[in-house]
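Predicted model, so just to flag it, every value in this text is computed and none were measured. Values below: all heavy atoms of this structure, side chains included; hydrogens, waters and symmetry mates excluded.
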Amino acid sequence: MIGFLEEHVHQMQEYLGAGGIVMIPLVFASLAMWTLILQRTLFLRRLHHKNMTREQAAVCLRENTIPEPGARRGATALLVTEFMKRRSGRRAVDRFILDETVMALVSSFDRHLAVIGVLAGAAPLLGLLGTVTGMIATFDSISLYGTGNARAMAAGISEALITTQTGLLMAIPGLYMRNFLTRRAENLKRRIASVGIYLKRHV
């Protein structure tokens, strides 16, 4: 098992080395993008599960109680919890507080999605930069050794192809996940807005 891992680590090091200097920002951008994707996926998934109904939320408002953290962790429970923390006890003021709570939650669902989109969109451009640097290295080797030195030419071509491939491998799933998370966020926004309108009658 250890030998298997060592072999794959060695292959990865060779792959990154063959890609040249552009592989460094590509790797860091990929790590940052997938960290944000994982964080957003877990956050939005948690809000979809263990949710409470609008009627249960209205009961919490009437009884002035906060939903149990372990049993209720969905989007509606989060809305009720945040509202109960800010509640003033005056009906007219509480209606405005409820609206502000809904707006704050709705804006939080989009957090980091723009950054994920930028990182995914920048990946092919970094790959293109690697293509340019690789071709420059190839032409430099041709100017020095002519076309007879295949090894020198192969290094530059390898750098160009590897960076292009890495950029595309990062961009395609990144853009897909960004669109997937955006759809989930939009569904939660509609749910929160609907619950907020319903709870206004019970404030």
Nearest atoms (heavy-atom pairs only) where [X] meets [Y]:
X      : Y      : value
Arg178 : Gly117 : CG-N, 3.9 Å
Leu44  : Ala185 : CD1-N, 4.3 Å
Ile37  : Leu181 : O-CD1, 4.2 Å
Met84  : Cys60  : CE-O, 4.3 Å
Gly174 : Ala120 : C-CB, 3.8 Å

Enumerate the residue pairs fulfilling side-chain hydrogen bond (donor to acceptor under 3.5 Å, both in side chains) with a member in [range], sequence neighbours excluded, ordered by first and then second residue.
range            : answer
residues 120-134 : Thr131-Thr164, Thr133-Glu159
residues 25-44   : none
residues 103-118 : Asp110-Lys189

Taking C-beta and beyond as the side chain, do [X] and [Y] meet within less than 4.5 Å on heavy atoms?
X      : Y      : value
Asn187 : Arg191 : no
Arg95  : Leu98  : no
Ile116 : Met177 : no

Between [atom1] on residue [X] and [atom2] on residue [Y], distance to nearest 0.5 Å:
X      : Y      : atom1 : atom2 : value
Leu175 : Met33  : CG    : CE    : 8.0 Å
Thr163 : Met23  : OG1   : CE    : 7.5 Å
Leu113 : Thr182 : CG    : OG1   : 5.0 Å
Leu188 : Arg183 : CG    : CZ    : 13.5 Å
Leu47  : Leu105 : CG    : CG    : 8.5 Å

Contacts of type salt bridge (charged side-chain N to carboxylate O under 4.0 Å, His left out), residue Arg90, not counting sequence neighbours: none
Can you get from [X] to [Y] by hopping between Ile, Leu, Val, Met, Phe, Trp and Tyr side chains that sit under 4.5 Å apart?
X      : Y      : answer
Ile21  : Met170 : yes
Ile24  : Ile136 : no
Leu125 : Ile162 : no
Leu169 : Leu38  : no
Val27  : Leu168 : no

Side-chain (Thr101) to main-chain (Ile97) donor-acceptor, under 3.5 angstrom: yes
Contacts of Asp99 that satisfy side chain to side chain donor-acceptor pair (under 3.5 Å) - sequence neighbours left out: Lys200
Candidate pair Leu78 and Glu82, rule side-chain contact (heavy atoms from CB on, under 4.5 Å), full reasoning: CA-CA 6 Å; Leu78 181 61; Glu82 293 298 319; 4.1 Å; yes
Partner set under ring-ring contact (aromatic ring centres under 6.0 Å, His included) for Tyr198, not counting sequence neighbours: His202
Sole residue of Thr76, Asp94, Val80 in side chain to side chain contact (heavy atoms under 4.5 Å, CB included) with Leu199: Val80
